[in-house]
Protein chains: 2
Amino acid sequence: MVKDKGTEQLIKDTAKKIFFAEGKLHATTQDIADAAGVNRTLVHYYFRSRKILFEQVAEEALEELRQIMSSIFIGKLSFKEKLKKLISVFIDETSALPYRELFLITETNRHNQGLEDQVHDTHVKPFLADIKEEMDKGNITVMDPRQFMINLFSLMAYPLLASTLSKGFMRISDHEYIQMMKQRKQLIFEMIYPNK
Amino acid sequence: MVKDKGTEQLIKDTAKKIFFAEGKLHATTQDIADAAGVNRTLVHYYFRSRKILFEQVAEEALEELRQIMSSIFIGKLSFKEKLKKLISVFIDETSALPYRELFLITETNRHNQGLEDQVHDTHVKPFLADIKEEMDKGNITVMDPRQFMINLFSLMAYPLLASTLSKGFMRISDHEYIQMMKQRKQLIFEMIYPNK
DNA sequence: TTAATATTTAACATTTTTGTTAAATAAAGA
DNA sequence: TCTTTATTTAACAAAAATGTTAAATATTAA
């Protein structure tokens with residue numbers, strides 16, 4: 001593997017790949033070092049401890065999720081267009097890194113710490129207000145805007161998170177599943193934002 | 001804790017509680033023994049190794065998911081009633097054990113083994129056929145029946161699986177979140193099975 | 001009761017994972 | 001160049017987790 005951005009970054013990126021892309025939540029520092037093709041001591045040299053590496057990775061995962069949200073909500077698109085964009089971006093991102101949320105969830109459970117997050121005021125609150133407004137306009141089904149948001153993220157995230165189970169139960173091949181995930185962009189939009 | 005069903009069962013039940021209810025996927029045999037209030041050696045006495053305990057727990061998790069499916073599909077209810085029942089049962093079950101699927105997913109990823117499951121022919125295939133039929137009747141929106149099924153399970157499972165993230169981002173209290181999950185039974189049904 | 005069996009415990013051993021130290025090598029600046 | 005600093009490695013140490021053994025206790029059936 002190329003170490004263009006330096007070894008420290010390489011280690012962190014490799015850890016993310018193992019956790020977020022491969023879903024190997026039990027990976028050890030040795031596993032990470034091996035995958036990165038470096039001596040395990042470097043993990044300690046750059047991060048001092050496994051715990052700190054994990055915390056950095058978790059913090060950046062959270063930051064990445066924030067980025068997705070903010071990338072959508074800058075610019076003056078209509079709600080409808082924002083929604084389309086969010087679905088497309090989120091599904092693309094999550095297809096590449098399906099287990100990122102899962103990592104956050106399990107790390108949070110591991111240390112019995114809920115997450116007090118600032119993303120609420122900057123992104124979630126305005127988004128919920130937009131949803132409310134769109135309901136008042138009669139464009140989407142009226143419900144608790146938070147339920148709307150939960151529905152949206154459920155439909156986007158779950159099939160990628162649980163692809164192993166879905167594919168197993170429904171006997172869908174890897175290739176076809178990818179196709180289906182692409183189709184979901186349109187499908188989710190139509191469910192959430194019905195034409196009439 | 002009472003050991004009515006014997007210590008072996010107690011250990012297994014405790015492991016399930018830690019994995020499925022608390023989402024502590026990194027729990028050690030010591031953690032499990034402590035939570036069960038027994039000597040760790042008993043884990044080895046009854047299960048020989050940590051690996052075997054995990055495999056048994058995973059196999060039973062899978063069996064429990066099958067049970068949910070079959071409990072719905074015996075009896076001669078209409079599709080509409082089956083759907084209502086499935087949503088209600090699944091959400092109740094998953095509220096109690098939100099991380100059961102997550103355990104299966106991570107254990108599957110850990111050992112690079114997909115799951116070749118017999119549940120397909122007995123439950124999933126007939127369910128998909130029912131969905132198709134209902135679409136032909138014009139009762140539900142026409143789409144790939146597998147997408148319908150994915151939507152259904154996404155809407156049911158994800159909010160419970162990712163409750164930590166949802167509550168954190170949207171600033172919802174534990175108590176209120178439970179209320180919202182109850183409301184989702186009706187809400188999901190209406191999304192999936194629209195009145196007109 | 002007693003002998004056989006099942007269950008539980010403590011002590012020990014091994015393996016795995018994590019963390020530390022010091023030395024070797026490479027890179028960069030004076 | 002030489003000297004300082006950064007990076008990497010190997011060897012070692014400590015801790016954590018898993019697995020094994022044998023003895024103690026409880027249970028059961030003859």
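All chains are named by letter (A, B, ...) in the order of the sequence lines, taking the proteins before the strands, and each is independently numbered beginning at 1.
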Scan nucleotides 24-29 of chain C nucleotide by nucleotide, 5' to 3', and note B when protein non-hydrogen atoms come under 4.0 Å of the base, S if they reach only the sugar-phosphate, - if neither. ------
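- A cation-pi arrangement, defined by a distance under 6.0 Å to the six-membered ring centre and an angle within 45 degrees of its axis, is absent between Arg48(A) and Tyr46(A).
- Side chains of Asp31(B) and Thr28(B): a donor on one and an acceptor on the other come within 3.5 Å.
- Using a 4.0 Å cut-off between charged side-chain N and carboxylate O, Lys132(B) and Asp136(B) make a salt bridge.
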Give me the distances for all protein-to-nucleotides 14-20 of chain D N/O pairs that come in under 3.5 Å?
residue: dT18(D); atom: OP1; partner: Arg50(B); partner atom: NE; Å: 3.2
residue: dT18(D); atom: OP1; partner: Arg50(B); partner atom: NH1; Å: 2.2
residue: dT18(D); atom: OP2; partner: Thr29(B); partner atom: N; Å: 2.9
residue: dT18(D); atom: OP2; partner: Thr29(B); partner atom: OG1; Å: 2.9
residue: dT18(D); atom: O4; partner: Arg40(B); partner atom: NH2; Å: 3.3
residue: dG19(D); atom: OP2; partner: His44(B); partner atom: NE2; Å: 3.1
residue: dG19(D); atom: OP2; partner: Arg50(B); partner atom: N; Å: 2.9
residue: dG19(D); atom: N7; partner: Arg40(B); partner atom: NH1; Å: 3.1
residue: dG19(D); atom: O6; partner: Arg40(B); partner atom: NH2; Å: 2.7

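- Protein atom CG of Asn39(B) is 15 Å distant from nucleotide atom C1' of dA26(D), rounded to whole Å.
- One interatomic measurement links the two molecules: NZ of Lys24(A) to P of dT17(C), which rounds to 14 Å at whole-angstrom precision.
- Across the protein-nucleic acid pair, Phe54(A) atom CZ and dT17(C) atom P stand 12 Å apart, rounded to whole Å.
- In this structure, the CD atom of Gln9(B) is 16 Å from the C1' atom of dT7(C), given to the nearest Å.
- Across all strands shown, Tyr46(B) has heavy atoms under 4.0 Å from sugar-phosphate atoms exclusively, and none from any base.
- Every residue was checked against the salt bridge (Lys or Arg N to Asp or Glu O under 4.0 Å) condition with Arg184(A), not counting sequence neighbours, and none meets it.
- Across the protein-nucleic acid pair, Ile52(A) atom CD1 and dT18(C) atom P stand 14 Å apart, rounded to whole Å.
- Side chain to side chain, Tyr193(B) and Glu134(B) meet the donor-acceptor criterion of an N or O pair below 3.5 Å.
- In terms of modelled atom types and a separation under 3.5 Å, the side chain of Ser163(A) and the main chain of Pro159(A) share no donor-acceptor contact.
- The CG atom of Leu42(B) sits 16 Å away from the P atom of dT25(D) (whole-angstrom rounding).
- Between the side chains of Tyr158(A) and Glu101(B), at least one donor N or O lies within less than 3.5 Å of an accepting N or O.
- Using a 4.0 Å cut-off between charged side-chain N and carboxylate O, Arg146(B) and Glu176(A) make a salt bridge.
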